[in-house]
Every structure is written in structure tokens, then in C-alpha cells.
**Student:** 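Submitted below is the structure of interest, expressed as C-alpha cells.
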Amino acid sequence: MHPKRKIAYFSVQIFPKKKTNMKRTPIVELLNTAPAEQTVNARGWVKTKRGNNFVNFVALNDGSVIHDIQIVADVAKFDEELLKSLSTGSCISVIGKLVASQGKGQKVEIQADSIEVYGTADPDTYPLQKKAHSMEFLRENAHLRLRTNTFGAIFRIRHALSYAVHSFFDRKGFYYLHTPVITAADAEGAGQMFQVTTLDLKKLPLTETGEIDFSQDFFGSSANLTVSGQLQGEAGALALSQVYTFGPTFRAENSNTARHLSEFWMIEPEMAFYDIQDNMDLAEEFLKACIAYVREKCADDLAFLNERYDKELLERLKFVLENQFERLTYSEAVEILAGSNHHKKGKFQYPVKWGVDLQSEHERYLVEQHFKKPVILINYPKEIKSFYMKQNADGKTVAAMDILFPGIGEIIGGSQREENYDKLMARVRELGMHEEALHWYLDLRRFGSAPHSGFGLGFERMMMFLTGMTNIRDVIYAPRAPKQIDF
RNA sequence: UCCUCCCUAGCUCAGCUGGUUAGAGCACUUGACUGUUAAUCAGGGGGUCCUUGGUUCGAGCCCAAGGGGGGGAGCCA
């Protein structure tokens with residue numbers, strides 16, 4: 001390579017144009033700067049304004065940190081109308097001196113020399129006040145709720161958690177695989193799908209037998225939004241050894257609960273040469289690494305949420321980090337449940353019986369009452385699990401694992417995959433699945449198959465655990481759910 | 001989709017057994033106040049009581065249907 005063509009990726013020199021404006025300093029930096037009457041520029045949105053005839057105090061926030069910086073404005077130095085326009089929600093740029101605060105609530109403040117108003121916010125119509133609002137009200141103002149302390153904290157944590165995910169897998173030698181968002185007919189059976197089409201819904205082309213003729217549709221067959229990247233992930237793992245996906249996932253189920261969304265983000269690692277034990281080890285290490293990262297990176301935001309919403313949040317994060325997850329089989333869990341006083345007193349609404357899927361109340365009992373810590377359940381009856389899971393030697397169970405968290409329920413679902421072509425094919429036929437659509441997936445077992453495992457993590461459920469939010473609609477920018485597509 | 005609760009001022013909520021002109025705090029507005037911390041104090045304006053229909057001399061309140069939202073369940077991550 002010619003020496004002149006060498007590119008310095010990490011130290012790019014930029015030749016600035018002539019400076020016209022003073023450069024903004026993020027409030028997070030200003031709050032951590034020693035005050036020495038240096039001239040600084042802060043820009044952000046007004047939280048509150050207080051004061052008297054002589055001096056006004058503005059709490060300014062730019063989203064860089066949960067704390068506001070206090071702007072001090074001498075009434076005599078500023079136009080009356082300008083000061084009046086600094087109402088809650090307005091956006092301003094302030095140039096002034098960074099000084100030690102005379103007041104008690106903060107260390108530093110800005111003594112304003114000039115204030116420019118970028119955008120006013122009429123107090124009569126601006127929905128947010130300097131008072132606490134209900135989560136329901138904020139949900140109906142999703143475009144503005146980002147400006148509140150609570151949602152600022154939530155979205156800084158959301159970013160940190162995303163970063164923690166990529167960072168963890170990168171350290172472990174995984175590759176980030178971008179699997180398709182639009183897929184062909186439902187192969188996995190993971191639930192109702194959203195259909196994607198360019199056909200004219202008012203004039204659908206029909207075949208001779210009266211069915212809709214998808215050969216005339218955009219892709220030449222029916223198409224849907226993905227419900228999981230797992231099957232494609234397996235193709236990745238059986239080539240790159242360790243991959244993960246992290247993308248939007250769509251389920252058209254009519255679910256109206258505090259822990260379901262129609263559009264959510266899912267993380268799906270898939271690993272060649274991993275058995276179910278390796279899979280569990282990775283999942284536990286992964287969850288702990290993410291929690292540890294966010295706890296360190298977002299200490300202020302977590303402290304705020306702990307103080308305001310959930311006094312046990314920090315304690316719970318610490319507890320999960322310091323304790324081993326309880327691991328047991330489905331059969332053992334059923335025994336514990338059947339032998340519990342809770343069951344004997346008839347307090348379970350649904351029956352506890354081997355072969356039947358555990359209900360929410362059963363999972364909660366195990367996690368919140370019996371073990372009082374995260375639980376990993378493995379080896380479920382094959383009838384209640386997906387076709388691709390590894391069939392155990394007992395002929396009755398599959399190598400599935402679910403990780404259950406307090407207050408949230410299932411946060412991870414995974415399994416070792418069936419790598420044997422004949423066994424997998426038998427299951428596909430047993431369940432009457434569409435072999436044609438699965439040809440490429442079955443091929444993975446015909447050519448260079450290998451033992452492999454993986455799991456799926458609901459990103460927003462992890463967010464609920466980290467933030468203490470009790471409704472999944474409050475940890476995503478704009479929740480998509482039945483009858484809800486605003487913002 | 002099922003069960004259940006809720007809907008009263010911009011926001012949070014009170015409103016008795018069905019009875020005159022529907023209230024409070026915050027927000028807004030006017031005034032007071034030399035450093036406030038959701039500033040404070042005093043005055044003022046502000047209502048389709050979710051909608052429609054019914055019962056009644058009289059409905060915010062009782063009944064029915066519809067709409068929106070919360071909590072729980074199922075499906076799952």
C-alpha cells in the first residue's frame with residue numbers, strides 16, 4: 001500500500017471553518033467543571049423559572065445528564081419580555097460566566113450575560129409542567145415526555161444497555177448479524193404476523209381457485225415482518241461460529257398487557273458447539289455484564305429512578321449481580337409447586353401437572369416466593385415447546401431453557417437446537433409444518449451440521465428490570481400495541 | 001380476546017343519600033418580595049362533569065350502549 005493512502009481511523013484531523021458562534025458545552029461537562037468565571041455557552045430546555053424583581057433563576061436541561069444547570073439572570077440586565085418568554089419548555093442558548101453558586105442546591109451556576117431564545121413554549125398550551133405527571137398522561141405525549149427527568153433517565157439507560165449488549169458480544173468474539181426484517185411465510189410458528197404487501201387491497205388478484213394470488217405481489221409470494229431472527233441466526237452460527245442479532249421484531253398478537261408490544265427489540269445470540277449448559281452459562285454472564293455496565297455508567301439516572309419510583313431498584317440490581325441464578329429442571333419445578341403449601345391450600349388458579357405449561361402465577365411463585373432470585377428452568381416437555389429444540393434421550397423432553405426474573409417473568413427463552421436431520425424432519429412432519437418454506441433451514445442439518453444453541457432476550461423486558469418501570473410502554477420511544485400507533 | 005376498575009378545569013384529584021350558582025392544589029394572570037430550589041404570600045380568570053340515549057319534578061351521581069385509559073389473565077420476549 002502506498003504510504004500516502006494510509007488512513008488514520010482514530011485521529012481524524014478536521015480543519016474548522018471560520019468560527020461564527022461560541023461552541024456549546026454540554027451541561028454534564030459544565031457541572032463537572034471547576035468554576036473560574038470562564039465564559040461558557042449552555043443550550044437547552046427550560047425546566048422551571050423562579051425569582052423576584054431583581055434576579056431570576058432558570059433551571060436548564062439539555063438531556064446530557066439528569067441534573068439541570070442553574071442560570072442566574074439579573075432582571076436589570078435583560079429585556080422584560082425576554083425574561084417572560086423563558087417559561088417551562090422553551091429552548092434557549094445562554095452565554096455567561098461559570099461561577100460557584102451562592103445558593104445551596106448546586107455547586108456551580110451560570111451568571112448570564114446574554115440569552116437567545118430559540119423557541120418559546122406557550123405555557124397555556126404546553127402540556128408539560130414543572131410538576132410530576134402521571135405515566136398515562138406522559139404516554140399520550142410521547143413526543144414530549146423525552147424532556148422529563150424520568151424519560152431522560154430511561155433513554156440514557158436504553159442507550160447504555162444497547163451499548164453494553166454490543167460490547168459484551170464483541171469481547172466474546174461474536175459477530176453482529178443483520179437478519180432480514182421482511183420474511184416469507186411463517187416458518188417458526190412464533191405467533192401472528194404482520195403481512196407486508198403492495199397489492200391493491202381494494203382489488204386483490206385471485207387465482208382460479210379463488211385464493212389471493214400472491215405471485216402478483218411484490219416478492220412473488222406472501223411476505224411478513226419478522227417474528228424472530230433465530231432461524232437465520234442459526235445459518236450464521238454454522239459459519240461464523242458465534243453470532244447475534246439485535247433488531248426490531250413484530251408480533252401481531254392482540255396482547256394488551258404491561259409486558260407485551262407489537263414492535264419490540266430482540267437480541268438473539270446463536271452459538272455453534274454450545275450445549276444447553278454452555279447456553280445457560282452465557283446467558284447468565286450476559287445478563288450480569290449488562291446490569292453491571294449500566295449500573296456503573298448510569299449511576300445518577302438509576303439513583304433518580306430508585307428515589308422516585310422504586311426504592312428497591314438498586315438493591316435488586318445488586319442482588320442479581322451477586323447471586324447465582326437457581327437452575328433446575330421443569331420436572332423439579334413441578335414437584336416443588338405441587339408440594340408447596342400454596343398449592344395444598346388451593347391458592348393456584350391453574351392446575352400444576354407434568355406436561356402442562358407453567359402459568360404466570362407458577363413462575364412468580366418459584367421466583368418471588370420459593371427461591372427469591374432469578375431462576376433458569378430447563379428440559380421442558382417437548383409438546384409445549386418449539387419444533388427446533390433438541391430432543392433429549394428420555395424421548396419426552398427437549399433441551400429448552402427459560403430464565404425467569406422477579407416482577408417480569410420470562411426474560412430469556414432459549415434452547416439447544418436439534419442438529420440431527422432425521423429427528424428434526426420427524427418433528428416437522430409430526431407438527432404438519434410447511435417443509436417447502438423450511439428447506440434452507442433443514443439444509444443446515446444436511447450439510448456440516450453441528451451441535452448449537454441460542455436464546456432470545458426481550459430488550460424492553462431487560463429495560464423494565466433495569467429501570468424499575470412496571471409498564472413496557474414506558475421504556476420505548478413510542479409503543480406500538482393494539483389500537484396504538486401514534487407518534 | 002376475557003375479567004375488573006376508572007374517565008369532573010391545562011395537570012392531579014375531591015364532590016355526601018339524586019337537590020340551588022360544581023370545588024381544592026398546581027399551572028396561567030395581576031400585585032408584593034434583594035439569591036430562588038416544584039420559591040413564597042395576596043387577588044383574579046378558567047368547566048361539552050368522555051359521548052349518545054333513558055329513568056326522574058330534578059342527573060356529575062342511577063340505568064343502557066359506545067369510545068378512551070389503568071390493573072389482572074391468556075398468547076409470549
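Here is how names work: the chains are called A, B, and so on, in the same order as the sequence lines, proteins then strands, and each is numbered from 1.
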**Student:** Let's test your reading of the model: under 3.5 Å, does the base of B:rC75 pair with the side chain of A:S255 as donor and acceptor?
**Tutor:**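 In this structure, the two groups form a donor-acceptor pair.
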**Student:** Under 4.0 angstrom, heavy atoms only, what part of the nucleic acid is A:E263 near: base, sugar-phosphate, or nothing?
**Tutor:**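 The answer is nothing, as A:E263 stays clear of every strand by at least 4.0 Å.
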**Student:** Once you apply the 3.5 Å cut-off to both distances, tell me the Watson-Crick or G-U wobble partner of B:rU36, or none.
**Tutor:**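 With both distances under 3.5 Å required, B:rU36 matches none.
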**Student:** Do A:T467 and A:V294 come within less than 4.5 Å of each other through their side chains, counting heavy atoms only?
**Tutor:**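 A:T467 does not reach A:V294 side chain to side chain.
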**Student:** Using a 4.0 Å heavy-atom cut-off to protein, can you give one letter per nucleotide of nucleotides 26-34 of chain B, 5' to 3': B if the base is in contact, S if only the sugar-phosphate is, - if neither?
**Tutor:** BSS----BS
**Student:** If we take the P atom in both B:rG15 and B:rC6, what is their distance in whole Å?
**Tutor:**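 Looking at atom P only, B:rG15 and B:rC6 are 12 Å apart.
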**Student:** Salt bridge or not for A:E284 and A:K288, using N-O below 4.0 Å?
**Tutor:**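 Looking at A:K288 together with A:E284, the answer is yes, because their closest N to O distance falls below 4.0 Å.
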**Student:** Please give the distance between the C1' atoms of B:rU51 and B:rU12 as a whole number of Å.
**Tutor:**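 Looking at atom C1' only, B:rU51 and B:rU12 are 24 Å apart.
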**Student:** Just wondering, do A:N279 and A:Q416 contact through their side chains at under 4.5 Å, heavy atoms?
**Tutor:**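 Result no, sub-4.5 Å side-chain heavy-atom pair not found.
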**Student:** Quantified in whole Å, what is the C1' atom distance between nucleotide B:rU48 and nucleotide B:rG67?
**Tutor:**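 Per the computed distance, 15 Å lies between those C1' atoms.
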**Student:** Counting the atoms with a prime plus P, OP1 and OP2 as sugar-phosphate, which does A:E460 contact under 4.0 Å by heavy atoms, base, sugar-phosphate, or nothing?
**Tutor:**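 Here A:E460 touches no strand at all.
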**Student:** Under a 3.5 Å limit for both distances, which nucleotide forms a Watson-Crick or G-U wobble pair with B:rC41, could you say?
**Tutor:**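 Per the H-bond distance test, B:rG31.
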**Student:** Specify whether A:F246 and A:F459 have parallel, tilted or perpendicular ring planes, treating 30° as the upper limit for parallel and 60° as the lower limit for perpendicular.
**Tutor:**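 A:F246 and A:F459: tilted rings.
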**Student:** Using the C1' atom as the reference point in each nucleotide, state the distance between B:rC49 and B:rG68 in Å, no decimals.
**Tutor:**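 The same atom, C1', in both gives a distance of 16 Å.
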**Student:** Looking at the side chain of A:F57, which of B:rG71, B:rA77, B:rU36 is the nearest nucleotide?
**Tutor:**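 Nearest to the side chain of A:F57 among the choices is B:rU36.
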**Student:** Please measure how far the C1' atom in B:rU55 lies from the corresponding atom in B:rC62, and state the result in whole Å.
**Tutor:**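 These two C1' atoms come out 8 Å apart once rounded.
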**Student:** Looking at A:E116 and A:V94, would you say the former's side chain and the latter's main chain have a donor-acceptor pair under 3.5 Å?
**Tutor:**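 No, A:E116 side chain to A:V94 backbone: no donor-acceptor pair under 3.5 Å.
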**Student:** Should the pair A:R316-A:E312 be classified as a salt bridge under the 4.0 Å nitrogen-to-oxygen rule?
**Tutor:**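 Salt bridge absent between A:R316 and A:E312.
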**Student:** Please indicate yes or no: is the ring centre of A:F264 less than 5.5 Å from the centre of the six-membered base ring of B:rA77, with the two planes inclined by under 30 degrees?
**Tutor:**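 Yes, A:F264 stacks on the base of B:rA77.
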**Student:** Determine the interplanar angle of the A:F465 and A:F405 rings, folded into 0 to 90°, and report it as parallel if under 30°, tilted if 30 to 60°, perpendicular if over 60°.
**Tutor:**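 If you compare the ring of A:F465 with that of A:F405, the planes turn out perpendicular.
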**Student:** B:rU8 and B:rC50: how far apart are their C1' atoms, nearest whole angstrom?
**Tutor:**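 Comparing C1' positions in B:rU8 and B:rC50 gives a spacing of 10 Å.
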**Student:** Go through residues 134-149 of chain A and report each residue with a non-hydrogen atom lying under 4.0 Å from RNA chain B, sorted by number.
**Tutor:**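 The answer is A:S134, A:E136, A:F137, A:R139.
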**Student:** Regarding A:K104, tell me which of base, sugar-phosphate or nothing describes its non-hydrogen contacts under 4.0 Å with the strands shown.
**Tutor:**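 The residue A:K104 makes base contact.
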**Student:** Reckon A:I267 touches a base, only the sugar-phosphate, or nothing at all at heavy-atom distances under 4.0 Å?
**Tutor:**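 It contacts nothing in the nucleic acid.
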**Student:** Please classify the nucleic acid contact of A:Y350 as base, sugar-phosphate, or nothing, using heavy-atom distances under 4.0 Å.
**Tutor:**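 It contacts sugar-phosphate atoms only.
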**Student:** Quick one: on RNA chain B, does A:G103 or A:Q349 contact a more 5' nucleotide (nearest heavy atom)?
**Tutor:**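 In this pair, the answer is A:G103.
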**Student:** If we take the C1' atom in both B:rC33 and B:rC41, what is their distance in whole Å?
**Tutor:**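 Those two atoms are separated by 9 Å.
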**Student:** Need the pair for B:rC26. Rule: Watson-Crick or G-U wobble, both distances under 3.5 Å, any strand; none if unpaired.
**Tutor:**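 Base-paired to B:rG10.
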**Student:** B:rG47 pairs with which nucleotide, Watson-Crick or G-U wobble, both distances below 3.5 Å?
**Tutor:**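 Because no pair has both required distances under 3.5 Å, B:rG47 counts as unpaired.
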**Student:** Does any nucleotide pair with B:rC2 by Watson-Crick or G-U wobble geometry, both distances under 3.5 Å, and what is it?
**Tutor:**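 The base-pairing partner of B:rC2, which may sit in any strand shown, is B:rG72.
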**Student:** Return whichever of A:G413 or A:Q102 has its heavy-atom-nearest nucleotide of RNA chain B closer to the 5' end.
**Tutor:**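 The residue closer to the strand's 5' end, by nearest nucleotide, is A:Q102.
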**Student:** When all nucleic acid strands are considered with a 4.0 Å heavy-atom cut-off, which category describes A:E361: base, sugar-phosphate, or nothing?
**Tutor:**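 Nothing, no heavy atom under 4.0 Å.
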**Student:** Can a donor-acceptor pair under 3.5 Å be found between the side-chain atoms of A:H133 and the base atoms of B:rC11?
**Tutor:**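 Answer no: no donor N or O sits under 3.5 Å from an acceptor.
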**Student:** Apply salt bridge (charged side-chain N to carboxylate O under 4.0 Å, His left out) to A:D281 and A:R327, showing your working.
**Tutor:** CA-CA 11 Å; A:D281 290 345; A:R327 299 183 184 190; 2.9 Å; yes
**Student:** Nearest to the A:A258 side chain among B:rG68, B:rA77, B:rG72, which nucleotide is it?
**Tutor:**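 Among the listed nucleotides, the one closest to the side chain of A:A258 is B:rG72.
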**Student:** Have a look at A:E109 and say if it touches a base, only the backbone sugar-phosphate, or nothing, with a 4.0 Å heavy-atom cut-off.
**Tutor:**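 Here A:E109 touches the bases of the nucleic acid.
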**Student:** Fit a plane to each ring of A:Y309 and A:F304, take the angle between them on a 0 to 90° scale, and name the class: parallel (under 30°), tilted (30 to 60°) or perpendicular (over 60°).
**Tutor:**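 If you compare the ring of A:Y309 with that of A:F304, the planes turn out perpendicular.
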**Student:** Report yes if a donor N or O on one partner sits less than 3.5 Å from an acceptor N or O on the other, where the partners are the side chain of A:N56 and the base of B:rU36; otherwise report no.
**Tutor:**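 Such a pair does not exist between side chain and base.
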**Student:** Any side-chain donor paired with an acceptor under 3.5 Å for A:H260 and A:T257?
**Tutor:**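 The criterion, which ignores hydrogens and geometry beyond distance, is satisfied for A:T257 and A:H260.
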**Student:** Any strand counts, and the cut-off is 3.5 Å on both contacts for Watson-Crick or G-U wobble. Which nucleotide pairs with B:rG53?
**Tutor:**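 Across any shown strand, B:rG53 pairs with B:rC63.
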**Student:** Name the closest nucleotide to the A:S101 side chain, picking from B:rA38, B:rG70, B:rG35.
**Tutor:**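 Of B:rA38, B:rG70, B:rG35, B:rG35 is nearest to the side chain of A:S101.
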**Student:** Write down the distance separating the C1' atoms in B:rA14 and B:rC76, rounded off to the nearest Å.
**Tutor:**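 Approximately 41 Å lies between the C1' atom of B:rA14 and that of B:rC76.
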**Student:** For a quick check of understanding: with a heavy-atom distance under 4.0 Å over all strands, which category does A:I411 fall into, base, sugar-phosphate or nothing?
**Tutor:**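 A:I411: backbone/sugar contact only, no base atoms under 4.0 Å.
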